[in-house]
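Data first, discussion second: the structure below is written as structure tokens.
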Amino acid sequence: MTRFASMVSALSLALVVPMSAKAATLFSQTYTGAEFAALATLGPNATQSVSGNSVTYGMTSHYATLAEFYALSPGARGDMTFSVTINYDALTNDNDMAFGFTDGSGIIGAMQADNGSGTLYVLNGSPSNLSAIQNGTGFSNQISATFTVADGSGPATLSYTNGSYSVSDLPLSSTFDTDGVLGFALYGNNKNESYRINSVALEFATMAAVPLPAGGMLLLTGLLGTAAVRRRRRKS
């Protein structure tokens with residue numbers, strides 16, 4: 001095999017081998033607490049007070065939705081990842097702030113609680129349906145989480161960081177439709193809790209496979225054409 005033919009063969013193989021999935025960001029934004037409050041809808045059993053760059057949320061009932069922010073309208077998206085980093089301060093003795101992503105009905109979420117020397121809970125479709133995952137996680141005023149949700153209400157996982165504690169690819173029982181309206185929400189657990197939100201960073205991304213670049217096909221076509229010309233010249 002000639003050197004040129006080897007190069008064409010190798011390029012052809014590289015172009016037909018399926019490419020690995022790569023996230024494509026649909027929405028990415030970092031807000032101060034005040035900016036988030038200006039965009040979000042206040043829950044029916046919640047109160048808010050904006051001061052400087054922060055917003056303080058209170059609640060008048062158990063399992064209250066504090067605020068909801070819908071970032072994406074319905075659309076075909078496939079598998080997705082949802083990421084959030086929240087910096088906040090608990091202003092009451094009971095610290096059980098929860099958070100999650102939603103399609104308007106279902107929820108995938110988690111809660112950082114102060115009991116048991118810090119406990120990670122997951123939300124099973126609603127703020128009131130909780131499962132304890134790990135005690136003794138410690139406590140931090142900054143938490144980061146990434147949820148992965150498969151297309152068509154498929155399986156979901158959670159990766160979560162709170163100070164020195166972290167967990168990866170934790171299976172979740174709840175899920176939702178990734179093609180629906182998509183948003184983020186903050187929740188409280190017990191009546192009279194109060195939280196000062198300093199910043200919220202959000203990212204919504206698809207996990208679509210990277211398509212073959214048009215330039216790659218043009219290059220392959222050009223190389224094959226050049227090879228054909230060389231063959232004709234050798235025969236003449």
Side-chain angles (χ1 to χ4, degrees), residues 27-72 82-102 104 107-123 126-147 158-167 182-204:
F27 180 89
S28 181
Q29 188 66 51
T30 298
Y31 300 102
T32 66
E35 290 170 339
F36 178 80
L39 295 171
T41 300
L42 185 67
N45 296 309
T47 62
Q48 76 174 33
S49 175
V50 175
S51 178
N53 289 324
S54 301
V55 58
T56 297
Y57 289 114
M59 51 192 294
T60 59
S61 71
H62 293 296
Y63 310 118
T65 298
L66 303 178
E68 291 181 311
F69 168 59
Y70 286 91
L72 296 178
F82 305 85
S83 301
V84 62
T85 298
I86 311 168
N87 182 279
Y88 75 103
D89 298 297
L91 303 181
T92 48
N93 290 333
D94 202 9
N95 188 344
D96 298 322
M97 190 182 73
F99 59 91
F101 292 87
T102 176
I107 297 169
I108 54 169
M111 182 176 78
Q112 175 176 274
D114 58 3
N115 56 292
S117 299
T119 301
L120 170 63
Y121 289 80
V122 295
L123 277 58
S126 74
S128 60
N129 190 348
L130 303 167
S131 295
I133 299 301
Q134 179 67 50
N135 293 327
T137 62
F139 212 80
S140 170
N141 69 340
Q142 180 156 301
I143 51 181
S144 296
T146 296
F147 300 88
L158 165 65
S159 296
Y160 175 89
T161 299
N162 158 30
S164 61
Y165 172 78
S166 66
V167 62
L182 298 177
F184 171 78
L186 295 171
Y187 309 99
N189 188 46
N190 294 309
K191 186 177 179 180
N192 297 324
E193 293 175 8
S194 183
Y195 302 98
R196 179 171 57 231
I197 309 300
N198 303 309
S199 64
V200 178
L202 297 171
E203 181 176 284
F204 297 69

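These numbers come from the heavy atoms of this one structure, side chains and all, not from hydrogens, waters or symmetry mates.
With hydrogens and angles disregarded, no donor-acceptor distance shorter than 3.5 Å links the side chain of Ser61 to the backbone of Ala64. Side-chain atoms of Thr102 come within 3.5 Å of backbone N or O of Gly104 as a donor-acceptor pair. Of the possible polar contacts, one joining the Thr137 side chain to the Gly118 backbone as a donor-acceptor pair under 3.5 Å is found. Proximity of a side-chain donor or acceptor of Asn162 to a complementary backbone N or O of Ile143 within less than 3.5 Å is not detected.
By the side chain to side chain contact (heavy atoms under 4.5 Å, CB included) test, Leu91 is found to be paired with Thr56, Asp89, Ser194, Arg196, residues two or more places apart in sequence or in another chain being considered. Evaluation of the side-chain hydrogen bond (donor to acceptor under 3.5 Å, both in side chains) rule for Ser28 yields no partner, not counting sequence neighbours. With sequence neighbours excluded, the residues that form a ring-ring contact (aromatic ring centres under 6.0 Å, His included) with Phe204 are Phe27, Phe82, Phe101.
In this structure, the side chains of Tyr63 and Tyr187 stay at 4.5 Å or more apart for every pair of heavy atoms. Using a 4.5 Å heavy-atom cutoff, the side chains of Val167 and Ile133 are not in contact. Side-chain contact check for Ile108 versus Leu158: every heavy-atom pair is 4.5 Å or farther apart. You'll find the side chain of Leu202 stays beyond 4.5 Å of the side chain of Gln29, heavy atoms only. Thr119 has its side chain out of reach of Gln134: every pair of non-hydrogen atoms, C-beta onward, lies at least 4.5 Å apart. Considering only heavy atoms from C-beta on, Val200 stays 4.5 Å or farther from Phe99 through its side chain. The side-chain heavy atoms of Ile86 and Leu186, taken from C-beta on, include a pair separated by under 4.5 Å. Contact of the Leu39 side chain with the Tyr70 side chain is not registered, since no non-hydrogen atoms from C-beta on lie closer than 4.5 Å.
Atom CD in Gln48 sits 11.0 Å away from atom CD1 in Ile197 (nearest 0.5 Å). Distance check: Glu68 CD to Thr41 OG1 gives 7.0 Å after rounding to the nearest 0.5 Å. Taken to the nearest 0.5 Å, the CZ atom of Phe139 stands 13.0 Å off from the OG atom of Ser164.
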request  = Could you please spell out the steps behind the side chain to side chain donor-acceptor pair (under 3.5 Å) verdict for Ser199 and Asn87?
outcome  = CA-CA 5 Å; Ser199 64; Asn87 182 279; 4.9 Å; no
task = Kindly determine whether Val84 and Phe184 satisfy side chain to side chain contact (heavy atoms under 4.5 Å, CB included), including the steps that lead there.
result = CA-CA 9 Å; Val84 62; Phe184 171 78; 3.7 Å; yes
Side chain to side chain contact (heavy atoms under 4.5 Å, CB included) evaluation trace for Tyr121 with Asn189 = CA-CA 11 Å; Tyr121 289 80; Asn189 188 46; over 6 Å; no
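Contact record, Ala110 with Phe147: N-CZ, 4.1 Å, taken as the closest heavy-atom pair. When every heavy atom of Asn115 is checked against every heavy atom of Ala113, the shortest pair comes out as OD1-CB, 3.0 Å.
Checking Thr161 against Ser144 by side-chain atom types alone, no donor-acceptor pair falls below 3.5 Å. Asp114 and Asn95 share no side-chain donor-acceptor pair at under 3.5 Å. Looking at Gln112 and Tyr160, their side chains do bring a donor and an acceptor atom within 3.5 Å of each other. The closest side-chain donor-acceptor pair between Asn198 and Ser54 falls under 3.5 angstrom. In this structure, a donor-acceptor pair under 3.5 Å is present between the side chains of Tyr195 and Glu193.
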